[in-house]
Amino acid sequence: MPSNTPPVADLASLAKFAGQAVTIRGWVHHLRSSGKVRFLVVRDGTGLAQGVLVKGNLPEEDFKQFDRLTLESSLILTGRVRAEPRAPGGYELEVISLQPLNIAQDYPIAPKEHGVAFLMDRRHLWLRSPRQQAVMRVRDEVCRACRGFFHARGFLEVDTPILTPTACEGTTNLFETDYLGRGKAYLSQSGQLYLEAAAMALGKVYCFGPTFRAEKSKTRRHLTEFWMVEAEAAFYTLEDIMQLAEDLVRFVVLKVLENQEVQLQILERDPTPLAAVSGPFPRLSYAETLARLQEQGKEPAWGEDLGGDEETLVSQMFDRPVLVHRYPLSCKAFYMEADPKDPRLALCMDMLAPEGYGEIIGGSQRVADLDTLLARLEEHHLPQEPLEWYLDLRRYGSVPHSGFGLGVERLVAWLCGLTHVREAIPFPRLLDRLYP
RNA sequence: UCCCCGGUAGCUCAGCUGGUAGAGCGGGUGGCUGUUAACCACUUGGUCGGCGGUUCGAAUCCGUCCCGGGGAGCCA
């Protein structure tokens, strides 16, 4: 190696080095040979670039190394960057040195069709594919946009526990573990109750973390481990939280459109339906929603929660997310405040993403009164003792407050146009999958 | 848990009115001085998911179990 090694360049910024010699480090994405001219496409995590090996332009030894290369072999290349219209990206590297680091053996994922099970078993390798990389970049943008939004609104990030002594809602199945011989602990299915405590301390708070549900759900919308952004604010009403949820989703979607246009192109995701979020989101009461469904020939019974089919129908009625509010109290969780104008209804809301993606947010105004909450616990057959701390929030300066939770994978799936949430998280946990 | 569909080469699949297995891609070898999922030639490749049954004979028909996919309920 010459003593003056050329600078290392990211493939994404190769154009800046036009005319100069650079070093690039990465993995073989593609190989082609035409005798004495050989091509390889390298990826380095920032992008792709083509290298050209012309016999005579580099040491014969290095030229021969090309024949050893396989898909996903790692290597270090040096060469001169030059504009080349025939190369993908418009620039290519005229290789003057090729140094393999590791020759990959039998890389299983070809740039061909593969079945879902095959790819999921190799998720650790599948992540290297351009589409999967694009999804991860959109996910990263979503996460950062959420945090940016809340900080701009004066919300404080508060981390809630993952190991919990009790169920938050009692209804869904929990993952159970032994807690050092002191009894059972459960993996958190929501940070909400703790977030309510934090809101009484800090006013406006949010959390961002994994949640776990041991539901035997086998659908395109379910994971057993998924990430949720939850917000909780003292003195916020249902109307306030609906506006906050709408503003959050609008902000996040516009950020993705602004910063991740290239990824959406890789995913062949038409951005037009996403751009509709800049307008106000329609709001429908549960009663109005039932009426709309009846127009479509459905006959949903009052008092029932909306099923997946009905959600899909409602979300297809609009070109942007829709907020459905004031469901019957009877089909909702114990902590939801009743509507003073109609006590049969809960001050709650769901946000349904368009294009059939369904629920991405669920939220409500919380019960503020101690006696009401106690009565609710009884109705739902929930034990009072483990929730004494939660009841304390109603004993010591209770105030009206509201919050919601946003499912990160569902939002990412919608933004990327995915058919299943399992591609929206790096290593999905599903009913029948705990590997890799 | 329930209802559908599927399991054949490393991958994606064809073969399924019973007669002992095929394609494309991948892998390997050779050729090619501008390739774009390159191309051309040759070549390698299989307990047809497991077990049991029917039959002279089963990838094919029947039973059962296992695994995968899609959907329902529940939810973000």
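So you know, we letter chains A, B, ... as the sequences are listed, proteins then strands, and number each from 1.
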*Is it possible for you to check whether Arg429(A) lies under 6.0 Å from the centre of the six-membered ring of Phe427(A), through NZ or CZ, and within 45° of that ring's axis?*
no
Q: Select base, sugar-phosphate, or nothing to describe what Arg122(A) touches, counting heavy atoms under 4.0 Å on all strands.
A: nothing
Whole-Å distance, Lys218(A) NZ to G73(B) P, equals 15 Å
Between CD of Glu113(A) and P of C25(B) the distance, given in whole Å, is 12 Å
Note to self: Taking the side chain as everything from C-beta on, heavy atoms only, tell me whether Leu238(A) gets closer than 4.5 Å to Arg326(A).
What the structure shows: yes
* Asked: Distance under 6.0 Å and angle within 45° of the ring axis: does Arg147(A) meet both against Phe208(A)?
  -> yes
Closest of G34(B), C74(B), U35(B) to the Glu84(A) side chain is G34(B)
In whole angstroms, the gap separating C1' of A76(B) from CG of Leu195(A) amounts to 15 Å
Across every strand shown, the nucleotide meeting Watson-Crick or G-U wobble geometry with A72(B) (both distances under 3.5 Å) is U1(B)
Closest to the 5' end of RNA chain B, once Leu430(A) and Val408(A) are matched to their nearest nucleotides, is Leu430(A)
For G27(B), the nucleotide meeting Watson-Crick or G-U wobble distances (both under 3.5 Å) is U43(B)
* To do: Name the nucleic acid region contacted by Ala117(A), choosing base, sugar-phosphate or nothing; use a 4.0 angstrom heavy-atom cut-off, strictly under.
  => sugar-phosphate
Per atom distances to the Ser34(A) side chain, the nearest of A76(B), C75(B), U33(B) is U33(B)
Q: Would you mind classifying the nucleic acid contact of His29(A) as base, sugar-phosphate or nothing, using non-hydrogen atoms under 4.0 angstrom?
A: nothing
Discussion item. Heavy atoms only, 4.0 Å cut-off, all strands: where does Glu92(A) land among base, sugar-phosphate and nothing?
Written reply: base
Looking for any heavy atom pair under 4.0 Å, which part of the strands does Pro88(A) touch: base, sugar-phosphate only, or nothing?
base
In Val142(A), Ile361(A), Val138(A), the residue satisfying side chain to side chain contact (heavy atoms under 4.5 Å, CB included) with Leu411(A) is Val142(A)
So what does Gln50(A) touch, heavy atoms closer than 4.0 Å: a base, only the sugar-phosphate, or nothing?
-> base
Return yes if the base of C11(B) and the side-chain atoms of His114(A) contain a donor-acceptor N/O pair under 3.5 Å, otherwise no. no
Rounded to whole Å, CZ of Phe175(A) lies from C1' of C75(B) at a distance of 14 Å
- Query: Any donor-acceptor pair under 3.5 Å joining the side chain of Arg410(A) to the base of C75(B)?
  - Reply: yes
Taking a pair to mean Watson-Crick or G-U wobble geometry with both distances below 3.5 Å, G6(B) pairs with C67(B)
task: Take atom C1' in G45(B) and the same atom in G52(B), then report the distance between them in whole Å.
output: 31 Å
- Message: Using atom P in both nucleotides, what's the gap between C75(B) and G69(B) to the nearest angstrom?
- Response: 24 Å
pair_partner(C16(B)), Watson-Crick or wobble, both distances < 3.5 Å, evaluates to none
Check your understanding: Is the closest side-chain donor-acceptor distance between Tyr390(A) and Glu196(A) under 3.5 Å?
Key -> yes
Separation of C32(B) atom P from Phe66(A) atom CZ, nearest Å, is 15 Å
Rounding to the closest angstrom, what is the interatomic distance between A37(B) and U54(B) at atom C1'? 48 Å
task: Using a 4.0 Å heavy-atom cut-off across all strands, classify Asp106(A) as base, sugar-phosphate, or nothing.
output: nothing
Review point. Does Arg433(A) place a side-chain N or O at less than 4.0 Å from the phosphate oxygens OP1/OP2 of C67(B)?
Key: no
From CZ of Phe39(A) across to C1' of U33(B) the rounded distance in Å is 8 Å
Sticking with atom P, work out how far U17(B) lies from C51(B), rounded to a whole angstrom.
24 Å
Out of A72(B), G68(B), A76(B), minimum distance to the side chain of Phe226(A) belongs to A76(B)
Check: Under 4.0 angstrom, heavy atoms only, what part of the nucleic acid is Thr219(A) near: base, sugar-phosphate, or nothing?
Finding: base
Residue pair Gly35(A)/Arg32(A) against RNA chain B: nearer the 5' end by closest nucleotide is Gly35(A)
### Message
So Gly358(A), base contact, sugar-phosphate only, or nothing? Heavy-atom distance under 4.0 Å.
### Response
nothing
Among G69(B), C74(B), G34(B), the one nearest any side-chain atom of Arg82(A) is G34(B)
Of G68(B), C75(B), C32(B), the nucleotide closest to the side chain of Asp432(A) is G68(B)
Considering only heavy side-chain atoms of Lys216(A), the closest of G73(B), G34(B), C75(B) is G73(B)
Point to revise | Gap in Å between the two C1' atoms, one belonging to C48(B) and one to U12(B), rounded | key: 16 Å
>> Tell me whether the side-chain N or O atoms of Arg422(A) pair up with the base of G68(B) as donor and acceptor below 3.5 Å, since no angle test is needed here.
In response: no
Review point. Do the charged groups of Arg269(A) and Glu355(A) touch, with an N to O distance under 4.0 Å?
Key: yes
Atom CD of Glu311(A) and atom C1' of C75(B) are separated, to the nearest Å, by 9 Å
### Message
Distance criterion of 3.5 Å, no angle test: do you see the side chain of Ser217(A) paired donor-to-acceptor with the base of C74(B)?
### Response
yes
Practice prompt. Using a 4.0 Å heavy-atom cut-off across all strands, classify Arg221(A) as base, sugar-phosphate, or nothing.
Written response: base
Integer angstrom distance from the P of U35(B) to that of G19(B): 48 Å
Looking across every strand, which nucleic acid part, if any, lies under 4.0 Å from Asp309(A) by heavy atom: base, sugar-phosphate, or nothing? sugar-phosphate
Exercise. Contact class for Leu411(A) vs. all strands (heavy atom < 4.0 Å): base, sugar-phosphate, or nothing?
Worked result: nothing
Do Arg82(A) and Glu94(A) make a side-chain contact, defined as non-hydrogen atoms from C-beta onward lying under 4.5 Å apart? yes
Here the distance between atom P of C11(B) and atom CH2 of Trp126(A), to the nearest Å, is 16 Å
Discussion item. Distance to the ring centre below 6.0 angstrom and angle to the axis at most 45 degrees; does that hold for Arg250(A) and Phe281(A)?
Written reply: yes
Salt bridge Glu288(A)-Arg283(A), side-chain N to carboxylate O under 4.0 Å: no
**Prompt:** Looking only at atom C1', what distance separates C2(B) and G49(B), rounded to whole Å?
**Reply:** 24 Å
Using a heavy-atom cut-off of under 4.0 Å over every strand shown, decide if Leu406(A) touches base, sugar-phosphate, or nothing.
nothing
Re U54(B): Watson-Crick or G-U wobble partner, both distances kept under 3.5 Å, found to be none
query = If we take the C1' atom in both G10(B) and C3(B), what is their distance in whole Å?
reply = 34 Å
